[in-house]
Protein chains: 2
Amino acid sequence: MSLAHASQPVPDEEVGRFTISEVVEKTGLTAHTLRWYERIGLMPQVGREAPRSGGGQAGRRRYSERDLAFLEFVGKLRLTGMPVADMIRYAELARAGEGTIDERRQILVDHRAEVRERIADLTACLLVLDYKVEHYEQLCGVFETTRAAGAEDVLVRAECGDGR
Amino acid sequence: MSLAHASQPVPDEEVGRFTISEVVEKTGLTAHTLRWYERIGLMPQVGREAPRSGGGQAGRRRYSERDLAFLEFVGKLRLTGMPVADMIRYAELARAGEGTIDERRQILVDHRAEVRERIADLTACLLVLDYKVEHYEQLCGVFETTRAAGAEDVLVRAECGDGR
DNA sequence: TACGTACTTAGAGCCCACTCTAAGCAAGCC
DNA sequence: GGCTTGCTTAGAGTGGGCTCTAAGTACGTA
């Protein structure tokens, strides 16, 4: 990206080449959701085809590669549980320019900490699940070999802590 | 737990010792939620104090250690995103006895696979966040030292993929 | 007696992130 | 012309997991 290139508006870069259907395919989001994202300010205004008749329609959306990159990032944030309101905040800051870099970074740092914590939580729970599954597998073995022993039945319940 | 002990109803074990307020404290759930859990069949019927006057009240709940253990497990399942309907299913199977061990195990095996996948997803997204945060931190450095260079400004936008 | 804690019922309410509606218009293609 | 794809608006609807309501009763304690 040369300086000369960067300092001039570039139509083929401002107006992308992907229709909303194509973006639906690529992202897994619905057209409804994509329009919604624009409406709530999460997504910047997407470039449009010029309407041929100059009538009352706004023209069809044409998403750029950059739009797609942003949607991919949004998908990641969504997957990690960031509320839409926070994503909107982040996007607004991004649009406000380079003076907001620190704040943007802080949003991501905070969110990253939450994701780390969530991974830790899930990992701890996974250990419990592992233990339970392992225990069931052992009890399936014990159960089959000592089917007549009622005591084992009671132990199954007590050990598994499954309620009554 | 001796055989003689196991084969007889034990009142002090059937009727626990924790009031609902104490369980609220221990679990972080609300009394409303605890009652709801019973109502929807997730929680087995909790033992009760005998009402003094024999009137129309059911008596106060008295949760046992086993009840608490089950609630702890439910909390883990909840934290890992298992839908309440699935938890109910699991609890019903547990109450149905030892003939359901295989099915119970399968529920947990399936769920465990989901948790693993979720951890993997989060971990992948965490890498993206790490990259972004790192990048912002570098750009804060670059930005401060070359504030007059407009090209860096554009690079910030392009590299961060932050939308417009 | 007053207050705090707990009980019951059925269902309404809340929050979040979509998801869908309703109704009509536009444009391209066969 | 018919079909497909896409446009707009404001807001209602959905699903999940609680959370709260409404109204009265019970019981223990100060």
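Within every chain, numbering begins at 1; the chains are lettered A, B, ... in the order of the sequence lines, protein sequences first and strands thereafter.
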Check the angle between the aromatic planes of B/Tyr90 and B/Phe73 and answer parallel, tilted or perpendicular using the 30° and 60° thresholds.
tilted

I need the [atom1]-[atom2] distance between [X] and [N], as an integer number of Å.
X: B/Leu77; N: D/dG17; atom1: CG; atom2: C1'; result: 15 Å
X: B/Arg62; N: C/dT5; atom1: CZ; atom2: P; result: 14 Å
X: B/Ile40; N: C/dT9; atom1: CD1; atom2: C1'; result: 16 Å
X: A/Met82; N: C/dC16; atom1: CE; atom2: P; result: 15 Å
X: A/Glu38; N: C/dA17; atom1: CD; atom2: C1'; result: 18 Å
X: A/Leu34; N: D/dT8; atom1: CG; atom2: C1'; result: 16 Å
X: B/Trp36; N: D/dG16; atom1: CH2; atom2: P; result: 11 Å
X: B/Glu49; N: C/dC7; atom1: CD; atom2: C1'; result: 11 Å

Any donor-acceptor N/O pair, B/Thr30 side chain to B/Thr33 backbone, under 3.5 Å:
yes

OP1 or OP2 of [N] less than 4.0 angstrom from a side-chain nitrogen or oxygen of [X], does that happen here?
X: A/Arg35; N: D/dC7; value: yes
X: B/Thr30; N: D/dC18; value: no
X: A/Arg61; N: D/dT8; value: yes
X: B/Thr19; N: C/dT5; value: no
X: A/Tyr37; N: C/dA17; value: no

Before accepting this row, confirm whether a basic side-chain N of the pair B/Arg118/B/Asp121 lies closer than 4.0 Å to the acidic partner's carboxylate O.
no

Whichever of A/Met87 and B/Ile20 has the more 5' nearest nucleotide on DNA chain C, that residue is B/Ile20

Would you indicate which nucleotide in C/dT19, C/dA17, C/dC7 comes nearest to any side-chain atom of A/Pro83?
C/dA17

Look at the side chain of A/Arg39 and decide which nucleotide, out of D/dT9, D/dC7, C/dT5, has an atom nearest to it.
D/dT9

With a 4.0 Å cut-off on heavy atoms, is A/Arg78 in touch with a base, just the backbone sugar-phosphate, or nothing at all?
sugar-phosphate

Stepwise, does the salt bridge (Lys or Arg N to Asp or Glu O under 4.0 Å) test hold for B/Arg89 with B/Glu103?
CA-CA 10 Å; B/Arg89 176 70 182 140; B/Glu103 204 170 344; 2.9 Å; yes

I want to confirm an ordering. Mapping B/Ala85 and B/Arg60 to their closest nucleotides on DNA chain D, which one lands closer to the 5' end?
B/Ala85

Which of these, B/Arg61, B/Arg60, B/Arg62, sits in a side chain to side chain donor-acceptor pair (under 3.5 Å) with B/Glu49?
B/Arg62

